[in-house]
Chemist: 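The structure under discussion is supplied below as structure tokens; questions concerning it will follow.
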Amino acid sequence: MTASTPIAESNAPKPIHTDEAGLIAGAITLPAPAGDLPGYRAHPASGGPFPLVLVIQEIFGVHEHIRDVVRRFAHRGYYALAPDLFVRQGDPSHLRTIDELRALAGRVPDRQVLSDLDASVAFAEASGKADVRKAAAVGFCWGGRITWLYAAHNPALKAAVAWYGRLTGDRTEAQPKHPIDVASALLAPVLGLYAGQDQGIPLPMVTALQEALRAASETGSAPGAAHSEIRVYPDVPHAFYADYRPSYRPEAAADAWQRQLDWLARHGVA
């Protein structure tokens, strides 16, 4: 499991810490077609089964902030699970620059990631503590892009939330499609949470996705497209929810988190 805080920044805020009181939380190993996969999961200590939320990592891996997000969901009554989706290609905690991290992410095939997420759902179901009939995916940054792809992959998914995930880019053997390409194939409704001051995902790109969703809605080609929504926070930067980074914007982060919870409840993941 990736344990370190990614790329330390001297002006970063003090990260939020969510405790484990009332939870069962910790590292797990789950079986997957390509071999055992590490991860982190948390759920309430009593009761269940609980609605399932897959928490899809940032480019930095399953580090402490992602584990904290897992615990935040668990305190809300969810079985939350974050699989380590880079483990087959490398360990991001050993990398020191964003270019090195991007190179690692570029080697991770989308088909492998989607298969590992399917295996994560199966693991959660086998635990007896997760209700996979109420399953959602939530991803941040690198994981935001994957969230869109997974919403076009798994027909059992009830809802998804993509936090500032990349929408398009170079198409490679490992990454043949991007969210803009699967808007017409969405099986589950996606709430996209984006930043108006994101230098890597400019607003015209977000608008292009909105147009693609609208077109898919009109043709009826994708059941998830008609019910998907995009929320843009105009005055915030990329990673505005990352409370361990200078990009953190508490007001927008709190609003987006609540919108996310409302979205999951609206679509039966509660």
Side-chain angles (χ1 to χ4, degrees), residues 51-59 110-111 113-114 117-118 121 134-172 175-241 252-253 255-270:
L52 171 65
V53 174
L54 296 178
V55 178
I56 307 177
Q57 68 191 57
E58 300 173 316
I59 199 171
D110 289 341
R111 62 182 178 275
V113 171
L114 300 179
L117 290 172
D118 288 342
V121 174
K134 300 177 178 180
V138 171
F140 299 84
C141 190
W142 179 87
R145 172 184 173 273
I146 294 297
T147 297
W148 287 101
L149 301 184
Y150 198 59
H153 168 80
N154 186 347
L157 209 64
K158 294 291 186 184
V161 181
W163 293 75
Y164 34 80
R166 185 163 58 97
L167 299 177
T168 191
D170 294 336
R171 290 164 179 82
T172 66
Q175 299 173 352
K177 293 183 179 181
H178 293 289
I180 196 75
D181 303 314
V182 302
S184 61
L186 290 176
L187 303 169
V190 182
L191 172 63
L193 300 169
Y194 285 86
Q197 303 304 311
D198 192 328
Q199 301 303 307
I201 309 173
L203 285 178
M205 195 177 291
V206 178
T207 300
L209 178 66
Q210 290 174 311
E211 297 283 349
L213 291 171
R214 188 175 301 112
S217 300
E218 292 173 353
T219 63
S221 62
H227 302 288
S228 293
E229 295 180 10
I230 304 293
R231 167 69 177 177
V232 176
Y233 292 85
D235 301 319
V236 304
H238 183 79
F240 64 87
Y241 189 75
D255 182 84
W257 179 262
Q258 186 58 52
R259 287 177 185 273
Q260 170 182 252
L261 295 177
D262 294 344
W263 183 260
L264 298 183
R266 186 193 314 173
H267 295 286
V269 188

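Reckoned from all heavy atoms, side chains included, excluding hydrogens, waters and symmetry mates.
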Chemist: L157 and A151: which non-hydrogen atoms are nearest, and at how many Å?
Modeler: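 Reported closest heavy-atom pair: CD2-CA, 4.0 Å.
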
Chemist: Heavy-atom count check: over 12 atoms from other residues, nucleotides or ligands less than 6.0 Å from Q258 CD?
Modeler: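 Result for CD/Q258: enclosed.
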
Chemist: Could you check if a side-chain atom of L149 sits within less than 4.5 angstrom of a side-chain atom of V182, using non-hydrogen atoms only?
Modeler: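 Yes. Closest side-chain heavy atoms under 4.5 Å.
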
Chemist: Which residues pass the side-chain hydrogen bond (donor to acceptor under 3.5 Å, both in side chains) test with T219, sequence neighbours left out?
Modeler: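 Testing T219 for side-chain hydrogen bond (donor to acceptor under 3.5 Å, both in side chains), a comparison that skips the adjacent residues, returns S221.
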
Chemist: Which pairs, with at least one residue in residues 204-228 and sequence neighbours excluded, count as a salt bridge (charged side-chain N to carboxylate O under 4.0 Å, His left out)?
Modeler: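 Sorted pair list: E211-R214.
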
Chemist: Residues two or more places apart in sequence or in another chain: which of them pass salt bridge (Lys or Arg N to Asp or Glu O under 4.0 Å) with R266?
Modeler: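 Per chain and number, R266 pairs via salt bridge (Lys or Arg N to Asp or Glu O under 4.0 Å) with E229.
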
Chemist: Quick one: list whatever passes ring pair (Phe, Tyr, Trp, His ring centres under 6.0 Å) with W257, sequence neighbours left out.
Modeler: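 Per chain and number, W257 pairs via ring pair (Phe, Tyr, Trp, His ring centres under 6.0 Å) with F73, Y241.
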
Chemist: Keeping H227 on the side-chain end and A188 on the backbone end, is there a donor-acceptor pair under 3.5 Å?
Modeler: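 Between the backbone of A188 and the side chain of H227 there is no qualifying donor-acceptor contact (under 3.5 Å).
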
Chemist: Applying ring pair (Phe, Tyr, Trp, His ring centres under 6.0 Å), can you list everything that pairs with Y150, at least two apart in sequence or on another chain?
Modeler: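 Expected list: H153.
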
Chemist: Output the distance between atom CG (N154) and atom CG (D118), rounded to the nearest 0.5 Å.
Modeler: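 CG of D118 is found 5.5 Å from CG of N154.
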
Chemist: Does any N or O in the side chain of T147 come within less than 3.5 Å of the main-chain N or O of G139, such that one atom is a donor and the other an acceptor?
Modeler: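 Confirmed, T147 side chain pairs with G139 backbone.
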
Chemist: Please list, chain by chain and in numerical order, all residues satisfying side chain to side chain contact (heavy atoms under 4.5 Å, CB included) with A183, sequence neighbours excluded.
Modeler: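 Partners of A183 under the side chain to side chain contact (heavy atoms under 4.5 Å, CB included) test: L209, A212, L213.
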
Chemist: Which residues satisfy the ring pair (Phe, Tyr, Trp, His ring centres under 6.0 Å) test with H238, sequence neighbours excluded?
Modeler: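 Here the qualifying residues are Y164.
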
Chemist: Which pairs pass salt bridge (charged side-chain N to carboxylate O under 4.0 Å, His left out) with one or both residues in residues 180-200, sequence neighbours excluded?
Modeler: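 Every salt bridge (charged side-chain N to carboxylate O under 4.0 Å, His left out) pair that includes a residue of residues 180-200, provided the two are not neighbours, is R171-D181.
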
Chemist: Say you draw a straight line from CD1 of I230 to CG of L167; how long is it, rounded to the nearest 0.5 Å?
Modeler: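 Answer rounded to 0.5 Å: 7.0 Å.
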
Chemist: Applying salt bridge (charged side-chain N to carboxylate O under 4.0 Å, His left out) as the test, list every pair that has at least one member in residues 144-155; sequence neighbours left out.
Modeler: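 Checked against salt bridge (charged side-chain N to carboxylate O under 4.0 Å, His left out) - neighbours excluded - the pairs reaching residues 144-155 are D110-R145.
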
Chemist: If every non-hydrogen atom of L264 is compared with every non-hydrogen atom of V161, which pair is closest and at what distance?
Modeler: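 In this case the closest contact between L264 and V161 is CD2-CG2, 4.3 Å.
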
Chemist: Within the side chain of W263, is there an N or O that forms a donor-acceptor pair under 3.5 Å with the backbone of A160?
Modeler: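 Yes; judged by distance alone, with no hydrogens or angles, the pair exists.
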
Chemist: Could you note down all residue pairs passing salt bridge (charged side-chain N to carboxylate O under 4.0 Å, His left out) where residues 150-167 supplies at least one of them, sequence neighbours left out?
Modeler: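 Found none.
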
Chemist: Looking at Q197 and P234, would you say the former's side chain and the latter's main chain have a donor-acceptor pair under 3.5 Å?
Modeler: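 Yes; judged by distance alone, with no hydrogens or angles, the pair exists.
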
Chemist: Give me the atom names and distance for the closest heavy-atom approach of Q260 to V138.
Modeler: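 Minimum heavy-atom contact is OE1-CG1, 3.0 Å.
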
Chemist: Give every residue pair that meets the ring pair (Phe, Tyr, Trp, His ring centres under 6.0 Å) criterion with at least one member in residues 192-223, sequence neighbours excluded.
Modeler: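 Pairs touching residues 192-223 that pass the test: none.
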
Chemist: Apply salt bridge (Lys or Arg N to Asp or Glu O under 4.0 Å) to D255 and list each qualifying residue two or more places apart in sequence or on a separate chain.
Modeler: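 Scan of D255 (salt bridge (Lys or Arg N to Asp or Glu O under 4.0 Å), adjacent residues dropped) gives R259.
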
